[in-house]
Amino acid sequence: MNMSHISEPRQAEFVDYCIQAKELGQKLGIEIRTSAANHRRLVVSFCGAMSIPSFTVTTKGIVTTCERDSEGVDYSYGKFSYELGDFVLNERRIEDNRVLLEMPQKCHDCFCKWHCVGDCPDVRNINYDRCYVNRRLIQYELESILNKEETRG
């Protein structure tokens with residue numbers, strides 16, 4: 001398979017198809033969701049795993065807070081010690097991960113900041129910005145609620 005012909009969709013295109021899927025889902029009684037753009041989700045941090053912190057253990061015995069960090073490179077905060085027969089945790093790394101949950105400055109004036117809170121820390125870590133997608137989909141959901149209320153009223 002030639003992967004050079006496969007690419008991610010443009011964000012505007014993704015939004016258009018996501019809205020089409022949501023509308024079709026409504027007709028069929030299926031709820032279509034995405035992790036960041038959900039008007040019912042009001043949060044102070046995007047990722048529960050990073051704020052708990054999550055206890056995900058890699059195959060090498062490394063403890064990481066993010067399931068996406070399968071090698072334990074970016075969000076590790078401990079490891080299994082064979083000598084002790086227990087996990088050894090690094091409190092400083094736990095705190096470093098917690099800092100990643102802080103809302104980025106650019107989000108402070110955004111109307112949907114409590115829905116995505118700056119998005120997934122790992123997505124931000126790879127410098128991928130889903131702000132357009134998140135704002136457009138939250139806007140769509142909120143406008144849909146208002147339109148339903150206008151039809152009832």
Side-chain angles (χ1 to χ4, degrees), residues 1-22 25-26 29-142 144-145:
M1 179 177 197
N2 186 348
M3 297 300 282
S4 65
H5 297 291
I6 299 174
S7 66
E8 65 185 48
R10 293 185 336 265
Q11 289 191 1
E13 197 175 18
F14 177 83
V15 168
D16 291 343
Y17 286 124
C18 194
I19 289 171
Q20 287 177 29
K22 284 177 175 283
Q26 286 174 346
I30 300 169
E31 185 176 7
I32 306 297
R33 292 188 275 175
T34 179
S35 61
N38 181 349
H39 72 279
R40 291 186 208 116
R41 180 176 181 251
L42 297 173
V43 292
V44 294
S45 67
F46 178 86
C47 181
M50 298 274 287
S51 63
I52 294 172
S54 173
F55 195 85
T56 301
V57 182
T58 70
T59 57
K60 295 177 183 172
I62 298 171
V63 181
T64 181
T65 194
C66 178
E67 296 84 14
R68 293 171 56 129
D69 186 19
S70 61
E71 295 295 317
V73 174
D74 296 314
Y75 310 107
S76 64
Y77 65 93
K79 63 183 177 180
F80 184 78
S81 166
Y82 289 99
E83 296 81 33
L84 300 174
D86 202 356
F87 289 93
V88 177
L89 305 181
N90 181 328
E91 293 297 326
R92 184 173 186 282
R93 290 284 298 164
I94 292 172
E95 193 53 39
D96 289 346
N97 287 340
R98 209 172 264 132
V99 168
L100 297 173
L101 294 172
E102 293 177 8
M103 185 185 304
Q105 183 64 38
K106 71 175 189 167
C107 302
H108 287 238
D109 294 327
C110 181
F111 76 94
C112 66
K113 68 182 177 185
W114 300 118
H115 300 285
C116 75
V117 195
D119 209 352
C120 169
D122 193 51
V123 169
R124 291 193 322 249
N125 188 38
I126 61 171
N127 293 318
Y128 189 73
D129 188 343
R130 293 191 297 189
C131 289
Y132 173 80
V133 170
N134 297 341
R135 285 192 308 264
R136 284 290 298 124
L137 291 176
I138 291 293
Q139 178 184 351
Y140 167 79
E141 289 182 357
L142 295 175
S144 294
I145 291 169

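The figures here come from the full heavy-atom set of this structure, side chains too, leaving out hydrogens, waters and symmetry mates.
Distance check, rounded to the nearest 0.5 Å: CD of Gln11 to SG of Cys18 gives 12.0 Å. How far CG of Leu142 is from CG of Leu137: 11.0 Å, rounded to the nearest 0.5 Å. In this structure, CG in Asn90 is found 11.0 Å from OH in Tyr77, a value given to the nearest 0.5 Å. Going from atom CZ of Phe46 over to atom CG of Asn134 covers 7.5 Å, rounded to the nearest 0.5 Å.
A side-chain donor-acceptor contact under 3.5 Å links Asp69 to the backbone of Asp74. Panel note: side chain Ser76, backbone Thr64; no donor-acceptor pair is recorded below 3.5 Å. A donor-acceptor pair is defined here as one N or O able to donate and one able to accept, closer than 3.5 Å; such a pair exists between the side chain of Lys22 and the backbone of Ile32. Distance alone, capped at 3.5 Å, places no donor-acceptor pair between the Arg135 side chain and the Cys110 backbone.
Using a 4.5 Å cut-off on side-chain heavy atoms (C-beta onward), Tyr75 and Leu100 make contact. Counting heavy atoms from C-beta on, the side chains of Asp129 and Lys106 come closer than 4.5 Å. Between Val117 and Cys107, the closest side-chain pair of non-hydrogen atoms is not below 4.5 Å.
Between Arg98 and Glu95 there is a salt bridge, since a side-chain N of the basic residue sits under 4.0 Å from a carboxylate O of the acidic one. A salt bridge is absent between Arg40 and Glu141; no separation between the charged side-chain nitrogens and carboxylate oxygens falls under 4.0 Å.
Phe80 has its ring centre less than 6.0 Å from the ring centre of Tyr82.
The two residues Arg93 and Val73 have their closest heavy-atom pair at NH2-O, 4.2 Å. Shown here for Asp122 and Cys66, the closest heavy-atom pair between the two residues is CB-SG, 4.4 Å. Nearest heavy-atom pair, His108 versus Lys113, reported as atom, atom and distance to 0.1 Å: O-NZ, 2.8 Å.
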Worksheet entry | Steps toward side-chain contact (heavy atoms from CB on, under 4.5 Å) verdict (Val63, Lys79) | CA-CA 5 Å; Val63 181; Lys79 63 183 177 180; 5.7 Å; no

Worksheet entry | Verdict with reasoning, Ile138 to Trp114, per side-chain contact (heavy atoms from CB on, under 4.5 Å) | CA-CA 11 Å; Ile138 291 293; Trp114 300 118; over 6 Å; no

Practice prompt. Could you go through the side-chain contact (heavy atoms from CB on, under 4.5 Å) check for Phe87 and Val57 one step at a time?
Written response: CA-CA 10 Å; Phe87 289 93; Val57 182; 3.9 Å; yes

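Counting non-hydrogen atoms of other residues, nucleotides and ligands closer than 6.0 Å to OH of Tyr17 gives a total of 12 or fewer.
At a cut-off of 3.5 Å, with distance as the only test, no side-chain donor of Asp119 or Tyr128 sits close to an acceptor on the other residue.
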